[in-house]
Number of protein chains: 2
Amino acid sequence: MTEESSTKELIREAAVDLFAAKGFKGASVRDIARRVGIKESSLYNHYKGKAAILESILEYQLEGINRAMLSREEMDAFAAGESDPVKLWLRGVAFYSSRLPRLTGKINRIIHNEMYLDEKCRRFFVDHILERQIDLTVILLGDLVDRGMIRECPLVQTAERYVFMLHGLAQISTIYEIDLKRDGDIQNRIVEHMASFIEGLT
Amino acid sequence: MTEESSTKELIREAAVDLFAAKGFKGASVRDIARRVGIKESSLYNHYKGKAAILESILEYQLEGINRAMLSREEMDAFAAGESDPVKLWLRGVAFYSSRLPRLTGKINRIIHNEMYLDEKCRRFFVDHILERQIDLTVILLGDLVDRGMIRECPLVQTAERYVFMLHGLAQISTIYEIDLKRDGDIQNRIVEHMASFIEGLT
DNA sequence: GTCTATAATCTGATAGAC
DNA sequence: GTCTATCAGATTATAGAC
């Protein structure tokens with residue numbers, strides 16, 4: 001249940017690496033098979049074709065996100081002992097992030113990469129990343145308002161602005177990850193941006 | 001000077017369309033040549049290869065951005081007759097946008113698309129889009145503060161948040177452009193977000 | 001500057017033996 | 001489920017006639 005490590009699993013993992021690094025078009029079935037240590041023809045015993053591997057990756061990602069999602073009870077329990085909205089927010093984000101599978105970041109990069117070219121990736125991005133994050137943020141901000149921890153504000157617009165900000169930060173984070181240079185303290189900057197965003201709502 | 005329409009120009013224009021629609025890898029030299037109405041081999045009389053076409057597109061984009069840029073004098077003249085920071089901001093954005101070449105949006109999409117795969121596109125995005133927009137926004141916000149039109153705030157952090165927000169909005173704008181469905185009033189939403197962002201700084 | 005012809009390579013995918 | 005062998009087509013790019 002934790003980590004199968006079957007050939008099918010290994011293929012998917014290799015494909016995640018290669019799709020993220022070279023793009024869906026740029027990574028060939030040969031590349032993927034070579035990395036797994038099998039021949040191309042063997043790969044077709046596990047997946048119908050190249051497109052099917054990408055679909056499998058998307059399904060895997062959806063499961064991972066769904067499993068990491070905090071339940072209503074968990075969220076309430078989380079909020080119980082904390083009176084500082086900024087600390088509460090940051091702790092919540094850190095906890096959620098820690099529950100995401102290892103490959104989540106790389107797969108998000110693939111989705112982001114193919115979003116404009118592949119309809120399934122585009123759908124996934126809109127439905128399971130963008131809108132879901134906005135919906136969740138609306139709920140969380142609403143809770144903070146109800147608890148009197150931040151002032152009233154237009155929830156949807158504020159949530160959109162927050163999610164877009166995070167999205168931009170994630171993007172440059174990925175870019176600095178690729179080039180390594182001038183990475184500086186990008187992770188700290190993300191946290192600072194999140195903190196000052198919530199701070200600005202108090 | 002205005003629009004050459006030479007074969008070289010036509011090739012670049014066709015390439016912009018195809019790279020934006022199918023990606024750099026997905027659009028073949030054959031595709032580009034066919035759209036122009038010449039044979040592939042003829043294309044190599046104008047560009048050294050496929051990569052050279054993309055480079056030419058980036059150079060074209062850089063020129064367009066540089067030409068559209070408002071000078072210090074233009075910015076001051078713009079600010080002279082307006083006392084409402086929101087109106088001033090929106091008018092400035094609209095004016096700058098109106099000076100951008102026709103292909104700018106499509107080329108930005110290409111850059112965004114290849115950003116993670118191609119180093120030149122990644123460099124262009126960081127240097128000429130992201131950092132430039134942030135630098136400009138810092139200046140503009142600083143001006144507004146100096147004029148007493150908005151309150152003091154951490155300029156860089158605020159500018160980053162603004163640029164990232166716009167970036168996210170541009171992204172979903174592109175997505176809705178592709179799928180057409182549920183486009184709604186995305187352009188209005190962008191303007192609303194810009195307005196409420198500046199409004200929140202007063 | 002355009003064309004025809006062609007090279008050399010890579011692509012995703014299949015057939016069939018073991 | 002793995003392998004060898006192979007296919008049919010697309011890819012970028014070049015050579016050389018006009």
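Excluded from the calculations below are hydrogen atoms, water molecules and symmetry mates; all remaining heavy atoms, backbone and side chain alike, are included. Chain naming here is simple, since letters A, B, ... match the order of the sequence lines and numbering starts at 1 in each. The shown structure was predicted, so the numbers you read here are calculated from the model rather than taken from an experiment.
Counting only heavy atoms from C-beta on, B:His46 has its side chain closest to C:dG1 among D:dG1, D:dT12, C:dG1. Of the candidates D:dT11, C:dC3, C:dT11, the closest approach to any side-chain atom of B:Ser42 belongs to C:dC3.
No donor-acceptor pair under 3.5 Å is formed between the side chain of A:Asp185 and the backbone N or O of A:Asn188. For A:Tyr116 (side chain) and A:Arg122 (main-chain N/O), no donor-acceptor pair under 3.5 Å exists by modelled atom type. Although no hydrogens or angles enter the test, the distance criterion places a donor-acceptor pair under 3.5 Å between the side chain of A:Arg109 and the main chain of A:Ala20.
Scanning all heavy atoms of the two residues, the minimum distance from A:Arg12 to A:Tyr60 falls at NH2-CD1, 3.4 Å. Here the closest non-hydrogen pair linking B:Gly26 and B:Asp31 is O-OD2, 4.0 Å.
As rounded to whole Å, 13 Å separates atom C1' of C:dT4 from atom CZ of B:Arg30. When rounded to the nearest whole Å, the span between CG of A:Leu43 and C1' of D:dC3 equals 14 Å. Note: NZ (B:Lys25) to C1' (D:dT12) measures 10 Å, nearest angstrom. The interatomic distance linking A:Lys22 (NZ) with C:dC10 (P) rounds to 11 Å, in whole Å. If you take CD1 of B:Ile53 and P of D:dT11, they are 14 Å apart, rounded to a whole angstrom. Protein atom CZ of B:Arg34 is 10 Å distant from nucleotide atom P of D:dA10, rounded to whole Å. C:dG12 atom P lies 13 Å from atom CG of A:Leu54, rounded to whole Å. In this structure, A:Glu40 places its CD atom 9 Å from P of C:dT11, rounding to the nearest Å.
Interface remark: the B:Ser41 side chain does form a donor-acceptor pair with the C:dT4 base, using a distance-only criterion of under 3.5 Å.
Looking at heavy-atom distances under 4.0 Å, A:Ala27 makes contact with sugar-phosphate atoms alone, never a base. In this structure, B:Lys50 reaches the sugar-phosphate backbone alone: every heavy-atom distance under 4.0 Å involves primed, P, OP1 or OP2 atoms, never a base.
Along DNA chain D, the nucleotide nearest A:Lys39 and the nucleotide nearest B:Asp31 are compared for position; the residue whose nucleotide lies closer to the 5' end is A:Lys39.
Residue B:Ser28 places at least one side-chain N or O under 4.0 Å from the OP1 or OP2 atom of D:dT11.
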